[in-house]
Trainee: 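Take a look at this one; I'll ask things after.
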Amino acid sequence: MNKQQTDKTFWWADTYQMEQQLTPVVARMEQSGIKINVSMLQNMGNELLQIKSDLEQAIHQIIGTTVNINSNEQLSVALFEQLQLKPQITTKNKKGLFPVDKKHLNKIKQQHQIIQLLLDYRKSNSLLKFVGQLSDVHPKTKRIHAGFHQIGTATGRFSSSRPNLQNIPNVKLDADETNPLKILESKFREVVIPAKGKIFICADYSQIELRITAVYSQDPFLLDAYHNGLDIHTLTASQVYDSSLESITDQQRKVAKSINFGLIYGMTSVGLAESLTQVTGKVHSKEEAEKLMTTYFNRFSKVKQCLDDLIKQAEENGFSTALFGRRRPIPQLRSNKLSERKSGKRIAMNSPIQGTAADIIKKAMIKLDNEIIQKQLKAKIVLQVHDEILVECPKDEAHQVEKLVKETMENVVKLTVPLEVGLEKGSNWAMAH
DNA sequence: GATATCACG
DNA sequence: ACGTACGTGATATCG
């Protein structure tokens, strides 16, 4: 390491030091691994194989056995040329074919019974891949030891691989759910279990990125909401629709929630319209989304100002800066292509927010792990999923560790809005108990 | 190796 | 007149 890197004045110093402190924490996390209920997973796999082969047979019955369902090219030809289904989209893809992605399939679902079969086939296929990945356990301990990569992402987040434990399906079932695939999907976090005599404590930051947006913008509505524990989406709806908090409908709240998500992503009218269409099940136009955005930014003018500032700073510097000094170069801002520059602007709005959240949870992991060691507890951090930490601990430690995790995460940094942590305990990662 | 698809936050 | 939400990893197909 050269002298410049250890110099406190070097811009990377704080972030670098934090990453160094985090390294042993990650090492312990990887070494601990996490236990899998292998027999349950196997049963799920068998059930899925059966479902998949039934679907395969039904689909081939309709379009003929020569078609490879996994080939989008062959599938597109089969649907739109052979079966003569009417595409609900004007633009073709690069191969000159109509797309067969989930979004488009959903639009043409009413035209033919085969579409639902295809969607289910894809789902069973996708779930079977998780079965395969989670089966890679140590023969003695039945634990998988995934990789967690503390550096490497553009924003400062973790990534996970071999297997990726940060994209395990997270489906909460409605009480009246009967779809067997949905039910199977909801069981994937149930096969992730603590060792004998231990339990899981799952702690997640509530809306951490939106809170960071409040900190960055110092918008009075957002600050007020988080200081007084108001429902942020309902508040947003009441501003956008100019109505009282009590009169906001479920639909209006859903719209507001999409706006708040979009905010963090540097939303566009098309992106918002698309998200609204997904969330509400009704078609929403680009123009409608544009009006919503205009109203939103009029009401939350400091948010608008803050996003503009983030862009301006990134354009001047060539990089974005998160709250604790983390930088991300954004060369797209100096591209000759308009679409690239626009993309760069969205990155400039999102990176400081996502990056600050990443730093906060990293700091919390360091502090929590150190506290655990200092107090000679047997608890272990076993997973991190961006705004969530999963701890495995002996049952007799549960009470103490629960409190420690929550307080550590909530107080690891002091911001102008409080950080709130939700806690769950359980005998598996689904936490349904 | 690029592209598409699909799982997560 | 464009092309659009941010960040990841795994897998199958196709050239």
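Chain naming here is simple, since letters A, B, ... match the order of the sequence lines and numbering starts at 1 in each. Everything numeric here is computed off the predicted structure, so don't read it as measured data. Any value given below was found using the heavy atoms of this structure, including those in side chains, with hydrogens, waters and symmetry copies removed.
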Trainee: Any donor-acceptor pair under 3.5 Å between the side chain of A:Thr268 and the base of C:dT4?
Mentor: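 Yes.
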Trainee: Return the value, rounded to whole Å, for the distance between atom NZ of A:Lys95 and atom P of C:dG15.
Mentor: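 Going from A:Lys95 (NZ) to C:dG15 (P), I get 6 Å.
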Trainee: Got a donor-acceptor pair under 3.5 Å from the side chain of A:Arg157 to the base of B:dG9?
Mentor: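 Check passes, donor-acceptor contact within cut-off.
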Trainee: Whole angstrom is fine here: how far is it from NZ in A:Lys52 over to C1' in C:dT11?
Mentor: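 In whole Å, C:dT11 C1' lies 12 Å from A:Lys52 NZ.
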Trainee: Rounded to whole angstrom units, what separation is found between the NE2 atom of A:His284 and the C1' atom of C:dA5?
Mentor: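 To the nearest whole Å, that distance equals 16 Å.
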Trainee: Rounded to whole angstrom units, what separation is found between the CZ atom of A:Arg189 and the P atom of B:dA7?
Mentor: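 In whole Å, B:dA7 P and A:Arg189 CZ are 13 Å from each other.
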Trainee: Quickly work out the A:Gln354 CD to C:dC6 P distance and round it to whole Å.
Mentor: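 Nearest whole value for this atom pair: 11 Å.
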Trainee: Roughly how many Å is it from CG in A:Asp120 to P in B:dC6, rounded to a whole number?
Mentor: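 It is 12 Å, rounded to the nearest whole Å.
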Trainee: With a non-hydrogen cut-off below 4.0 angstrom, is A:Asn167 in contact with a base, only sugar-phosphate, or nothing?
Mentor: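 If one applies the 4.0 Å heavy-atom cut-off, A:Asn167 turns out to touch a base.
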Trainee: Taking any heavy-atom pair under 4.0 Å as a contact, classify A:Lys129: base, sugar-phosphate, or nothing.
Mentor: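 If one applies the 4.0 Å heavy-atom cut-off, A:Lys129 turns out to touch the sugar-phosphate alone, with no base involved.
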Trainee: Can you pull out the residues from residues 258-266 of chain A that lie within a 4.0 Å heavy-atom distance of DNA chain C?
Mentor: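 Correct list: A:Ser258, A:Gly262, A:Tyr265.
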Trainee: Report the base-pairing partner of B:dG1 (Watson-Crick or G-U wobble, both distances below 3.5 angstrom), or none.
Mentor: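 When the pairing criteria are applied, C:dC14 turns out to be the nucleotide that pairs with B:dG1.
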Trainee: Rounded to whole Å, please give me the gap between CD1 in A:Ile212 and C1' in C:dG7.
Mentor: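 Result: 14 Å.
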Trainee: Measure distances between side-chain N and O atoms of A:Ser275 and base N and O atoms of C:dA5, and say whether any donor-acceptor pair falls under 3.5 Å.
Mentor: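 Such a pair is found, so the answer is yes.
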Trainee: Just to confirm, is there a sub-4.0 Å distance from OP1 or OP2 of C:dC14 to any side-chain nitrogen or oxygen of A:Gln74?
Mentor: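 Checking A:Gln74 against C:dC14: at least one side-chain N or O falls below 4.0 Å of OP1 or OP2.
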Trainee: Tell me: CD1 of A:Ile330 to P of C:dC6, nearest whole Å?
Mentor: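 Distance, rounded to whole Å: 12 Å.
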Trainee: Reckon A:Arg346 has a side-chain N or O less than 4.0 Å from the OP1 or OP2 of C:dC6?
Mentor: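 For C:dC6, OP1/OP2 do have a side-chain N/O of A:Arg346 under 4.0 Å.
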